[in-house]
Amino acid sequence: MTIKPVTTAVFPVGGMGTRFLPATKAVPKEMLPVVDRPLLQYAVDEALAAGIERMIFITARGKHAIEDYFDVASELVANLTAKGKTAELAVLADTQLRPGQITCVRQQEPLGLGHAVWCARHLIGGDAFAVLLADELLWQPEAPCLRQMHDAYRRLGGNIIAVLEVPDDHTNRYGIVSPGATDGLVTEVKGLVEKPPLGQAPSRLAAVGRYILQPEVMDILAAGKRGAGGEIQLTDAMAELIGVQPFNALTFTGTRFDCGDKAGHITANIALALERDDIGPAVREWLHAQRF
Ligand code: G1P
């Protein structure tokens, strides 16, 4: 059986971003920049690099900035053109998606990640799809995470999630895998549990916000079962697919920045700034002068 490539990705971007208040009173957390690109742009770039053609944003009230960002800024373009600012125009062109490539769906109530994904069910139809959580910046420009997952998917089919080993005392923050056999970077998923209490996690393998899922997960989400935190959890719905469909985890080998966390976001800014030719030297010089 040939496995059809995945061409649609869901980006749940409706979260309230309470950890970044007061900034997120007016700016969606997905629009917070790492150096000069919003977090969501990194996730969209990763999806494009994996061959994704259709992006579905699950938005919420107060998230207009996301739609505006991916629109053509005609006045700005006219202004920059008139001034001959070709470098700035190239930056804009580099982030411009084609007409119709983005669809936005409103999540009317914040009922959880599983609910957000379920809001895309009519657009997903009967095909496998990807999910990317933009506050997880998975940095590996030569072999982006979703592309590696997509390569594995073409071999294995079924469902694939990206995982990383986290410290024991962080396992209560994530969806945690109960691991089966391992083959290189691929581990069979025997079970999944969302935010287990400390000391009760089946492993240290945590889901880090990248998923390739079969459409049947939508039927499970439709039941609207509440899980950890009283929310409709994607992890719980995925757990019901284990044993019914192939389910594997791919260990991410690049650098992960948890940009939903202030320290993670600052670290991402420093790390990516240091990689840049334009600002890297100045940032490095300042860091050296601090003698940490
Ligand atoms: C979500 C998922 C969780 C996953 C995490 C990755 O949790 O529910 O399984 O491990 O993202 O960042 P959240 O951080 O939204 O609470």
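The structure displayed is predicted, hence computed values, not measured ones. Indexing begins at 1, ligand by ligand and atom by atom, following the structure's order.
Taking the centre of each ring, F57 and F70 come in below the 6.0 Å mark.
For atom 12 (O) of ligand 1, the closest non-hydrogen atom on the protein side is E136 OE2, 2.5 Å. The nearest heavy-atom contact from the protein to atom 2 (C) of ligand 1 is E194 OE2, 3.6 Å.
Salt-bridge formation is detected for the pair D127/K4: a Lys NZ or Arg NE/NH1/NH2 atom is positioned less than 4.0 Å from an Asp or Glu carboxylate oxygen.
Nearest-residue assignment for atom 16 (O) of ligand 1 (options K195, R19, R256; heavy-atom criterion): K195. Across A162, A207, G227, heavy-atom proximity to atom 4 (C) of ligand 1 is greatest for A207.
A donor-acceptor pair shorter than 3.5 Å can be found between the side chains of W139 and E275.
Sparse packing is recorded around CZ of R61, with 12 or fewer heavy atoms of other residues, nucleotides or ligands lying under 6.0 Å away.
At a distance under 4.0 Å, no protein heavy atom can be found next to atom 14 (O) of ligand 1.
Note: Q233 CD to L113 CG = 7.0 Å, rounded to the nearest 0.5 Å.
Residue-level proximity to ligand 1 for L133 is carried by the side chain, the only part with a heavy atom below 4.0 angstrom.
Taking every heavy atom of T235 and a limit of under 4.0 angstrom, the matching atoms of ligand 1 come to 9 (O).
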Kindly determine whether V6 and I52 satisfy side chain to side chain contact (heavy atoms under 4.5 Å, CB included), including the steps that lead there. CA-CA 7 Å; V6 178; I52 298 295; 3.9 Å; yes
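Checked by distance only, ligand 1 and G175 come closer than 3.5 Å through their nitrogen or oxygen atoms.
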